[in-house]
2 protein chains.
Amino acid sequence: MPTKTPKNPKNPSDADNASHTSHASRAKKKAQVTPSPERRRELLDTAAEVFAAQGYNATTVRKIADAAGMLAGSLYYHFDSKESMLDEILSTFLNELWEGYDAVLAAGLGPRETIEALVTESFREIDRHRAAVAIYQKEARHLSDQPRFHYLSDSQVKFEKAWLGTLERGVAAQVFRADLDVRLTYRFVRDTVWVAASWYRPGGQHSPEEIARQYLSMVLDGIAVRPYVRT
Amino acid sequence: MPTKTPKNPKNPSDADNASHTSHASRAKKKAQVTPSPERRRELLDTAAEVFAAQGYNATTVRKIADAAGMLAGSLYYHFDSKESMLDEILSTFLNELWEGYDAVLAAGLGPRETIEALVTESFREIDRHRAAVAIYQKEARHLSDQPRFHYLSDSQVKFEKAWLGTLERGVAAQVFRADLDVRLTYRFVRDTVWVAASWYRPGGQHSPEEIARQYLSMVLDGIAVRPYVRT
DNA sequence: GCGGTTCCCTAACAAGCGTTTGGCAGGTTA
DNA sequence: TAACCTGCCAAACGCTTGTTAGGGAACCGC
């Protein structure tokens with residue numbers, strides 16, 4: 001990474017709307033320059049697509065520019081760096097994700113209903129942010145070492161707390177099996193949901209809700225035929 | 001990738017022991033040079049570890065050399081290129097995997113027992129080739145575009161045939177539920193197993209067999225408590 | 001003690017990387 | 001008409017990358 005630390009560290013009119021978790025705190029270098037947010041979104045969408053397909057490191061800034069129909073340098077009118085594109089993609093996704101999750105967790109549902117709602121919400125997020133989810137899965141682990149991406153770890157901790165907590169509540173309430181290792185169960189449920197982003201294509205034959213329904217059916221009841229169940 | 005196509009395309013004593021699927025067919029350039037296989041293994045192991053931790057593209061050849069306690073150029077005494085290290089890591093893993101799988105599939109077990117055996121075998125492979133599995137998962141998709149790595153797609157096709165076939169047999173034999181989308185179930189089971197490589201650490205508190213047992217229990221019977229089952 | 005082999009180091013190479021700089025066309029405002 | 005943004009291009013920058021060439025130390029069999 002030839003990041004020759006920029007020579008003009010002037011710190012101008014740092015006035016952002018401050019809702020984002022991470023990239024919002026970064027100062028905007030060039031003072032007079034104000035690119036339109038719509039174009040940013042467009043470019044971030046194509047960038048996310050390329051990142052997801054090729055991997056972040058394998059994606060050159062020239063490939064992104066290519067996909068966007070422009071030249072490499074032109075991207076720097078809209079963004080500070082390649083890394084800040086990644087940052088914005090991931091943090092935007094996580095913000096939206098937690099909006100949904102927090103709503104579910106605040107609803108005061110029972111353990112089973114909470115799991116069902118979380119899974120359904122997750123598939124909706126995958127539907128909306130397929131590329132971002134795919135990037136997250138591939139890169140999160142080694143990104144979270146960098147200070148800039150610490151919010152990834154934070155999110156993961158929060159994530160684990162929500163899911164694990166719900167599972168434990170469920171075991172205590174005897175709606176989930178007590179003979180399983182809860183951590184193992186957590187990872188099992190978490191992974192099965194999110195890896196779906198690697199094969200899911202929006203507009204396919206199954207809606208997010210339908211996929212969620214089937215996944216939940218498998219996770220909760222298993223894929224084996226039951227001998228005979230009396231209720 | 002500064003791969004300046006080598007200027008000496010001489011094609012010497014091409015005599016390999018020809019068991020490997022992919023890299024074995026590549027000619028050895030330098031005629032007089034014969035590095036020891038043991039050292040190769042060692043270096044490949046550390047390379048795999050770094051690849052798995054940082055991602056293939058983010059891993060520079062200098063980092064690998066560092067981890068191995070040598071200098072970047074020295075690696076080229078043992079290997080043609082960075083890419084051929086990746087190749088050898090992946091193909092070695094896949095060869096061993098298919099040895100195990102083929103044995104299971106040839107055993108003539110019933111559908112449920114086949115699934116159980118495949119899952120158990122998979123966790124054993126994860127135990128043995130954790131790094132390679134992690135690399136495979138992160139990189140396989142975009143690698144299989146390159147001709148050199150076409151064997152990854154081939155393997156995936158074979159893989160799908162084995163699992164999907166077994167599941168369908170199971171549905172026909174009424175040991176697996178018929179009300180689920182079989183493809184979805186396949187992806188579910190497949191993903192459930194293999195993502196474990198991302199958190200599994202050999203020598204942990206659970207043996208591969210124990211993890212397999214719990215995973216199978218979840219996949220087959222679900223995590224919900226059953227009302228009352230009469231056999 | 002000599003030729004050969006094994007394994008690594010030193011030092012460079014050209015290509016590709018992310019990024020910067022300056023400028024120019026088109027639209028908007030005055 | 002002039003001044004001013006916005007969005008992009010053209011061309012270069014310094015660094016890092018994968019890779020190579022040549023050499024040298026240690027050990028071998030003879």
Side-chain angles (χ1 to χ4, degrees), chain A residues 1-10 13 26 28-44 46-47 50-51 54-88 146 148, chain B residues 1-10 13 26 28-44 46-47 50-51 54-88 146 148:
Chain A
M1 287 167 221
T3 320
K4 55 177 151 177
T5 33
K7 300 132 200 169
N8 59 343
K10 50 177 150 185
S13 67
R26 307 269 301 177
K28 230 171 247 160
K29 290 192 306 188
K30 296 140 195 171
Q32 298 87 327
V33 149
T34 14
S36 90
E38 295 84 18
R39 189 72 178 118
R40 281 175 72 90
R41 274 287 165 98
E42 267 182 52
L43 292 174
L44 281 180
T46 74
V50 186
F51 284 154
Q54 326 230 9
Y56 174 70
N57 280 285
T59 300
T60 73
V61 95
R62 277 163 243 263
K63 281 186 199 165
I64 302 176
D66 246 47
M70 61 196 319
L71 284 174
S74 309
L75 285 172
Y76 288 79
Y77 172 72
H78 299 274
F79 306 100
D80 282 2
S81 63
K82 181 187 169 189
E83 197 182 75
S84 74
M85 296 192 217
L86 217 210
D87 190 356
E88 196 161 337
Q146 292 176 246
R148 178 173 199 172
Chain B
M1 290 170 225
T3 319
K4 52 177 156 178
T5 34
K7 301 131 197 170
N8 59 344
K10 52 175 149 184
S13 66
R26 307 268 303 178
K28 232 171 249 161
K29 290 193 303 190
K30 298 141 195 170
Q32 300 86 327
V33 151
T34 16
S36 89
E38 295 84 19
R39 189 71 177 120
R40 281 176 72 93
R41 274 286 164 99
E42 266 182 54
L43 293 173
L44 281 180
T46 75
V50 186
F51 284 154
Q54 328 231 7
Y56 173 70
N57 281 286
T59 301
T60 72
V61 96
R62 277 165 243 265
K63 281 187 198 164
I64 303 176
D66 246 46
M70 61 198 312
L71 285 172
S74 309
L75 284 171
Y76 288 79
Y77 171 72
H78 300 275
F79 306 100
D80 283 3
S81 64
K82 180 187 171 190
E83 198 182 76
S84 74
M85 296 189 216
L86 218 211
D87 190 353
E88 195 161 337
Q146 294 177 246
R148 177 171 199 172

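Keep in mind that the numbers below use all heavy atoms, side chains included, and drop hydrogens, waters and symmetry copies. Naming convention: chains lettered A, B, ... in sequence-line order (proteins, then strands); numbering from 1 in each chain.
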List, with names and distances, any nitrogen or oxygen atoms from the protein found under 3.5 Å away from nitrogen or oxygen atoms belonging to nucleotides 26-28 of chain C.
none

Pairwise side-chain contact, B:R148 with B:S84, heavy-atom cut-off 4.5 Å (strictly under): yes
How far does OG1 of A:T59 sit from CZ of A:F51, to the nearest 0.5 angstrom? 5.5 Å
Check this one for me: any side-chain N or O of B:Y77 less than 4.0 Å away from OP1 or OP2 of C:dC7? yes
Under 4.0 Å from OP1 or OP2 of C:dC7: is there any side-chain N or O of B:S36 that close? yes
Does a side-chain N or O from B:Y76 land closer than 4.0 Å to OP1 or OP2 of D:dT19, or not? yes
Shortest non-hydrogen contact from B:L75 toward B:V61: CD1-O, 3.5 Å
Write down the atom of A:M85, the atom of A:F79, and the distance for their closest heavy-atom approach. CG-CG, 3.8 Å
Please report, to 0.1 Å, the donor-acceptor pairs under 3.5 Å made by any side chain of residues 63-71 of chain A, with sequence neighbours excluded.
residue, atom, partner, partner atom, Å
A:K63, NZ, A:Q54, OE1, 3.4
A:K63, NZ, A:A58, O, 3.1

What pairs with B:E42 under side chain to side chain contact (heavy atoms under 4.5 Å, CB included), at least two apart in sequence or on another chain? B:R39
With DNA chain C as reference, determine whether A:K82 or B:L43 sits nearer its 5' end, using the nearest nucleotide of each. B:L43
Output for pair (A:E83 CD, A:L86 CG), nearest 0.5 Å, gives 7.5 Å
Could you check how far CG of B:L75 sits from P of C:dC8, rounded to whole Å? 9 Å
Would you kindly give the CG-to-P distance between B:D80 and D:dT20, to the nearest whole Å? 8 Å
How close or far is atom P of D:dC8 from atom CZ of A:R40, stated in whole angstroms? 13 Å
Strictly under 3.5 Å: I want the nitrogen or oxygen pairs between protein and nucleotides 9-12 of chain C, one per line.
residue, atom, partner, partner atom, Å
C:dC9, OP2, B:L71, N, 2.7
C:dC9, OP2, B:S74, OG, 2.7

How long is the line joining CG of A:D66 and C1' of D:dC8, in whole Å? 15 Å
Integer-rounded Å distance: D:dT19 P and B:M85 CE: 8 Å
Length of the line joining B:N57:CG and C:dC17:C1', which is rounded to integer Å: 13 Å
When the distance from CD of B:Q54 to P of D:dT17 is rounded to whole Å, what number comes out? 11 Å
Please determine whether a side-chain nitrogen or oxygen atom of A:H78 lies at a distance below 4.0 Å from atom OP1 or OP2 of D:dT6. no
With sequence neighbours excluded, residues passing salt bridge (Lys or Arg N to Asp or Glu O under 4.0 Å) with A:R62: none
Return the angle between end axes of the helix from C:dG4-D:dC27 to C:dA30-D:dT1, with five pairs used per end and rounding to 10°. 10°
To the nearest angstrom, how far is B:E83 atom CD from D:dT17 atom C1'? 15 Å
